[in-house]
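Labels below follow one simple rule: chain letters A, B, ... track the order of the sequence lines, proteins then strands, and each chain is numbered from 1.
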Amino acid sequence: MKEVYLDNNATTPIAPEVAEAMQPFFTTEYGNPSSMHTIGGRVKKYLDRAREQLAALINAEPDEITFTSCGTESNNWALRGSLLAQPGRRHIVTTKVEHPAVLEVAAYLGSRGARVTQLFVDGDGLLNLDELRAAITDETAIVSAMWANNETGVIFPIQEIAEICAEKGVSFHTDAVQAVGKIPIDVKKTPVSMLALSGHKLHTPKGIGAMFVRRRTPLKPFMLGGHQEHGRRAGTHNVPYIVGLGVAAELAAKYMDDENTRVKALRDKLENALIEQCPDARRNGHKVLRLPNTSNISFEFIEGEAILLLMDAVGIAASSGSACTSGSLEPSHVIRALGVPFTAVHGSTRFSLSRYNTEQEIDYVIEQVPPIIDRLRKMSPFVGGDVY
Amino acid sequence: MWDYTDKVKDHFFNPRNVGIIENADGTGEVGSLACGDALTFTFKLDDNKEKIVDAQFKTFGCASAIASSSALTEMVVGKTLEEALQITNQDIAEFLGGLPDEKMHCSVMGREALEAAVDNFRTGKKGQKAVNEDIVCKCFGVTEEAIERVVRENDLKEADDVTHYIKAGGGCGECIPDIEKIIARVRGDMAAGGVAAPPKKKLTNLQRIALIQEIIDSKIRPALQRDGGDVELLDIDGTVVIVALRGACASCAISETTLRDVVQSRLRQEVDPDITVQQGEG
């Protein structure tokens, strides 16, 4: 059966160049880069190279990059480490639409005595910067706002947020897991203090992440027990994956134009066709200020899990913000934060593309999805008998 | 991905009896868009108004909601209303070869729709799930009576189970303590009908000290150690337990809270509700 993978915000196919570059470190190049001997030293060179490659993607200095196990670890580290490093500051500012890797950490710290402010977003998923300014106090240890949203792809005005935080002298962390590699990022130009990223959203295998930490950012380590990464993150280096992430970063820079032209055009073609062909379908999130690869569409009066399973039966992989797909009873906090009516939240469906998608695949999806929507509508008690 | 049985998949991919019967004898509507699933169930009786000859449904919901509705329409045809009302949510789930725990509420919705439709036939009133003042879960509009029934019929033990079966407690979670009370009461009644639970054995002083030490070692310390902290038992004086916080807990700004919410509440729950925990020097 034909398989069309449109769930790249969940994870991405592994780039063949990445897999190939990793191979020696599973077999012959087993050395520990922290060792004194030649066998380890040989590997250290590849570790340094990967750090430079990743730094180049976001225009950081190599020593501002710390490798972690995943984006979630980076986010945990940023929030917990910032509070630990600033005992006099017990306030966290974040937003309603963050990934659980930020939201749940903030809530946990909230249960342990910190004060948490969550900024609201408007119907397009955008922040009010005056509210942000007003929320920051002398007590604020960290502001955490994602660069781009995983569900809607909406991009926050990170330049402005970073400038506001810099002006107020407050650390600013951005969860850029979805943004890195999809849109240009330059940390020399944008004064973020910390930036979390993840390898498997960039075509590496799962299990590698990193964090950019600007020099002089107050931050205590999260992982203790070793001198690796200048004591910022203990634990033997995951060499094959770090090497893979370096190569993935280089590839991301190379394909950045493709992502923002060809992939974006495919996304627009898919979105426009589905909204046009399916009655009562609506886009969630700002039309322009969003990632080039993401489309989140609500099909009203039907439920997301049923949509996903019927799409899966014809080989199309996507995801949904419906309650039923998560195992919880609550639908997506992100889609609800946009003020999307309940009639549309449960039927929200996310299509997220990558550079590996082709026009032929998109045409196949455009052909297959409208009949699926129609079929479920015919079963829905909220749709009049003969309308559809 | 959910682990659905072949029968659930069959009834989802090829649902039977989709539609609304014109001039139905009974119509039941349950659920809502806000809840994430809803079902309209209609049936037609034979000329003697005895047996169900046709049943159709329309469902907004996930695969198991659609499959449960489809199954229900097959199960009721040929039955009298009395027989149909004997169908429990367990019967629907069994007909489908089982449902994941988190999806049991789909089978409950089927049973409720059937009852609402029969009620509609008998009373002529609009066939909706009875709206009762006694709502426990405000998020999903679940009544005390409905919770009692689902606990009794499915032998449920935890508030989580109730959430899986009937959604109550799955929203804001505010009603979970109430649900726990209902479970305790219903299970108490059930036990009273059978064998009463043995009274809690009184512990000797030695047993009590050993139990406190064991709970601290096996349950409390691992939890604190996850955050880089630790706790040491220093002394026990009657109901006063004296401990020292170690590691990250010792310098933590909220050590008082840790002491009260973690150490004390656990010991109260597992050993004795009168226990107070104090921080000692050591």
Side-chain angles (χ1 to χ4, degrees), chain A residues 80 83-84 87-90 108-114 220-225 300-310 312-314 317 319-332 336 341-347 372 375-386, chain B residues 1-2 4 8-9 12-13 15 18-20 22 29-42 57-67 69-70 100-103 105-106 113 137 139-140 163-164 167-173 227-228 248 251-258 261:
Chain A
R80 290 165 173 236
L83 257 72
L84 271 178
R89 293 172 176 245
R90 314 306 304 160
Y108 168 78
L109 293 167
S111 77
R112 310 287 297 243
K220 292 271 193 194
F222 178 50
M223 293 281 275
L224 303 173
E300 293 208 44
F301 313 119
I302 54 177
E303 195 277 334
E305 182 197 300
I307 301 172
L308 292 192
L309 289 178
L310 287 177
D312 187 58
V314 293
S319 77
S320 168
S322 89
C324 282
T325 53
S326 63
S328 81
L329 294 170
E330 292 281 305
S332 155
R336 278 187 305 153
F342 265 118
T343 53
V345 177
H346 291 285
I372 288 173
R375 175 173 166 183
L376 289 170
R377 290 248 171 88
K378 283 194 173 122
M379 263 188 248
S380 169
F382 299 110
V383 177
D386 299 317
Chain B
M1 197 168 207
W2 295 109
Y4 286 132
V8 172
K9 286 183 201 157
F12 168 62
F13 285 115
V18 176
I20 304 279
E22 266 182 58
E29 291 171 13
V30 294
S32 75
L33 272 170
C35 289
D37 44 26
L39 162 58
T40 300
F41 172 83
T42 53
F57 78 95
K58 278 204 169 191
T59 290
F60 161 78
C62 58
S64 52
I66 290 170
S69 313
S70 168
D101 277 352
E102 293 85 346
K103 298 287 189 175
H105 61 83
C106 298
C137 170
C139 298
F140 292 107
T163 306
H164 292 153
K167 294 193 172 190
C172 68
D227 294 329
S251 54
C252 179
I254 53 158
S255 61
E256 280 296 313
T257 319
T258 308
D261 292 353

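How far CZ of A/Arg377 is from NZ of B/Lys58: 12.0 Å, rounded to the nearest 0.5 Å. The line from OG of A/Ser322 to CG of B/Asp37 is 10.0 Å long, rounded to the nearest 0.5 Å.
The two residues A/Pro381 and B/Ala38 make their nearest non-hydrogen contact at CG-O, 3.9 Å.
Neither the backbone nor the side chain of B/Pro100 comes within less than 4.5 Å of any heavy atom of chain A. For A/Leu224, no part sits under 4.5 Å from any heavy atom of chain B, backbone or side chain. For A/Tyr108, the part lying near chain B is the side chain, with the backbone staying farther off; criterion is any non-hydrogen pair under 4.5 Å.
Residues that satisfy the side-chain hydrogen bond (donor to acceptor under 3.5 Å, both in side chains) test with B/Ser64, not counting sequence neighbours, are absent from this structure. The side-chain contact (heavy atoms from CB on, under 4.5 Å) search around A/Ala306 returns A/Glu303, A/Leu376, B/Phe12, B/Ile66, not counting sequence neighbours.
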Query - side chain to side chain contact (heavy atoms under 4.5 Å, CB included) between A/His346 and B/Phe60, intermediate numbers included - result: CA-CA 10 Å; A/His346 291 285; B/Phe60 161 78; 3.8 Å; yes
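Among B/Thr59, B/Val18, B/Thr40, B/Ile20, the residue with the largest count of heavy-atom pairs under 4.5 Å with chain A is B/Thr59.
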